[in-house]
Amino acid sequence: VKGGGLLLHEFDPFSLAKFSLANFQNETSKRLISESTFQNIRFPHMKSDDSDEQPIGMCLTEFHVAFFFKSQLRIVCLLNEELVFNQRLDPKSLGGSLVGIWIDSNKGDFGAYSSRAIIKYEPNKEERKIWKIYLAKNEFEKAREFCRENPDNSSIVLTKQAEFLFNNKKLEKNFKN
């Protein structure tokens with residue numbers, strides 16, 4: 001968590017094997033930073049007068065990040081940074097504002113707690129709309145991956161892919177291969 005957002009880094013831990021022990025500390029850190037890809041996700045602020053409020057915690061899932069504020073939960077999709085869930089939490093019914101978060105990495109559940117209450121969230125079919133995001137990005141292979149079990153959605157992806165290829169004059173090339 002950094003400043004006004006979350007900075008996600010992705011790097012290949014197996015690239016560490018390329019370094020000798022003598023250069024390990026200096027070379028490794030430089031190389032990991034230069035070879036890593038990163039994404040900066042801005043905090044979804046609650047409202048204009050609360051714009052300085054920082055989250056009390058966050059939980060990362062495969063496709064989303066959940067930001068817990070003192071009286072609100074906001075979940076943002078990592079692929080397109082759209083707010084997909086927003087729930088105000090009443091501090092009176094919770095016995096006070098939220099003070100911390102918890103994560104059950106075995107079950108994939110997460111939540112928050114106040115001094116007198118515990119809230120639990122169970123991600124349910126988190127990937128169900130992911131195919132649409134990949135489709136919007138023209139990443140057709142990934143889109144098809146996430147709609148395999150729904151023939152209607154697969155048909156939509158194939159149609160959009162054909163339109164894309166036709167409009168970009170690549171349709172004939174793909175059929176010849």
Side-chain angles (χ1 to χ4, degrees), residues 1-13 36-48 50-51 53-164:
V1 179
K2 175 185 177 230
L6 169 71
L7 189 60
L8 293 176
H9 279 271
E10 183 179 323
F11 63 91
D12 178 11
S36 67
T37 59
F38 65 91
Q39 177 181 6
N40 188 18
I41 298 173
R42 307 234 0 113
F43 290 146
H45 295 297
M46 291 173 38
K47 43 183 188 175
S48 59
D50 289 334
S51 62
E53 183 179 356
Q54 296 293 310
I56 61 164
M58 55 161 219
C59 299
L60 193 61
T61 67
E62 185 176 0
F63 298 110
H64 299 89
V65 60
F67 293 100
F68 285 93
F69 295 88
K70 290 178 183 175
S71 63
Q72 189 170 21
L73 166 64
R74 291 186 149 208
I75 300 178
V76 175
C77 179
L78 294 170
L79 297 175
N80 61 5
E81 297 184 32
E82 283 188 19
L83 182 66
V84 295
F85 185 79
N86 182 26
Q87 182 179 15
R88 285 213 173 266
L89 305 166
D90 181 21
K92 288 180 188 174
S93 65
L94 296 173
S97 295
L98 298 177
V99 294
I101 64 163
W102 60 270
I103 301 168
D104 182 342
S105 56
N106 291 327
K107 292 183 180 177
D109 301 341
F110 59 88
Y113 56 90
S114 70
S115 60
R116 297 176 60 200
I118 297 174
I119 300 170
K120 178 180 178 181
Y121 290 92
E122 298 176 25
N124 183 12
K125 295 184 182 178
E126 181 183 16
E127 70 285 344
R128 71 182 172 273
K129 294 183 181 177
I130 297 302
W131 71 274
K132 288 182 182 180
I133 296 168
Y134 283 125
L135 182 62
K137 293 178 172 188
N138 293 331
E139 294 183 31
F140 304 109
E141 296 298 320
K142 288 182 180 178
R144 278 201 306 269
E145 232 176 88
F146 287 97
C147 64
R148 278 190 195 136
E149 296 175 20
N150 186 326
D152 292 337
N153 293 346
S154 292
S155 179
I156 292 169
V157 172
L158 289 171
T159 302
K160 291 286 185 189
Q161 183 178 18
E163 289 172 0
F164 176 81

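- Scanning both residues, Leu83 and Arg74, for their nearest heavy atoms gives CD1-CB, 3.7 Å.
- The shortest heavy-atom contact between Ala112 and Trp102 is N-NE1, 3.5 Å.
- For the ring-ring contact (aromatic ring centres under 6.0 Å, His included) with Tyr134, the lone residue among Phe146, Phe63, Phe140 that qualifies is Phe146.
- Remark: Glu141 engages Arg144 in a salt bridge, criterion side-chain N to carboxylate O under 4.0 Å.
- In terms of heavy-atom proximity, Cys59 sits nearest to Phe110 at SG-CB, 3.5 Å.
- Atom CD1 of Ile133 is separated from atom CG of Leu78 by 9.5 Å, given to the nearest 0.5 angstrom.
- A distance of 15.0 Å separates CE of Met58 from NE2 of His64, quoted to the nearest 0.5 Å.
- Judged as a side-chain hydrogen bond (donor to acceptor under 3.5 Å, both in side chains), and not counting sequence neighbours, Ser154 has no contacts.
- Rounding to the nearest 0.5 angstrom, the gap separating the CD atom in Gln87 from the CZ atom in Phe69 is 14.0 Å.
- Here CG of Asn138 is found 9.5 Å from CD of Gln161. Values are rounded to the nearest 0.5 Å.
- Note that CG of Leu73 is 6.5 Å distant from CG of Leu89, once rounded to the nearest 0.5 Å.
- Using cut-offs of 30° and 60° on the angle between ring planes, the pair Phe68 and Tyr121 is tilted.
- Judged by distance alone, with hydrogens and angles left aside, the side-chain atoms of Ser155 form no donor-acceptor pair with the main-chain N or O of Pro151 at under 3.5 Å.
- Checking side-chain atoms of Thr61 against main-chain N and O of Gly108 turns up no donor-acceptor pair under 3.5 Å.
- Of all heavy-atom pairs between Leu60 and Val65, the closest is CD1-CB, 3.9 Å.
- The heavy-atom pair separating Leu98 from Leu94 by the smallest distance is CD2-CD1, 3.9 Å.
- Rounding to the nearest 0.5 Å places CD1 of Ile56 at 13.0 Å from CZ of Phe67.
- When every heavy atom of Gly96 is checked against every heavy atom of Ser114, the shortest pair comes out as O-CB, 3.7 Å.
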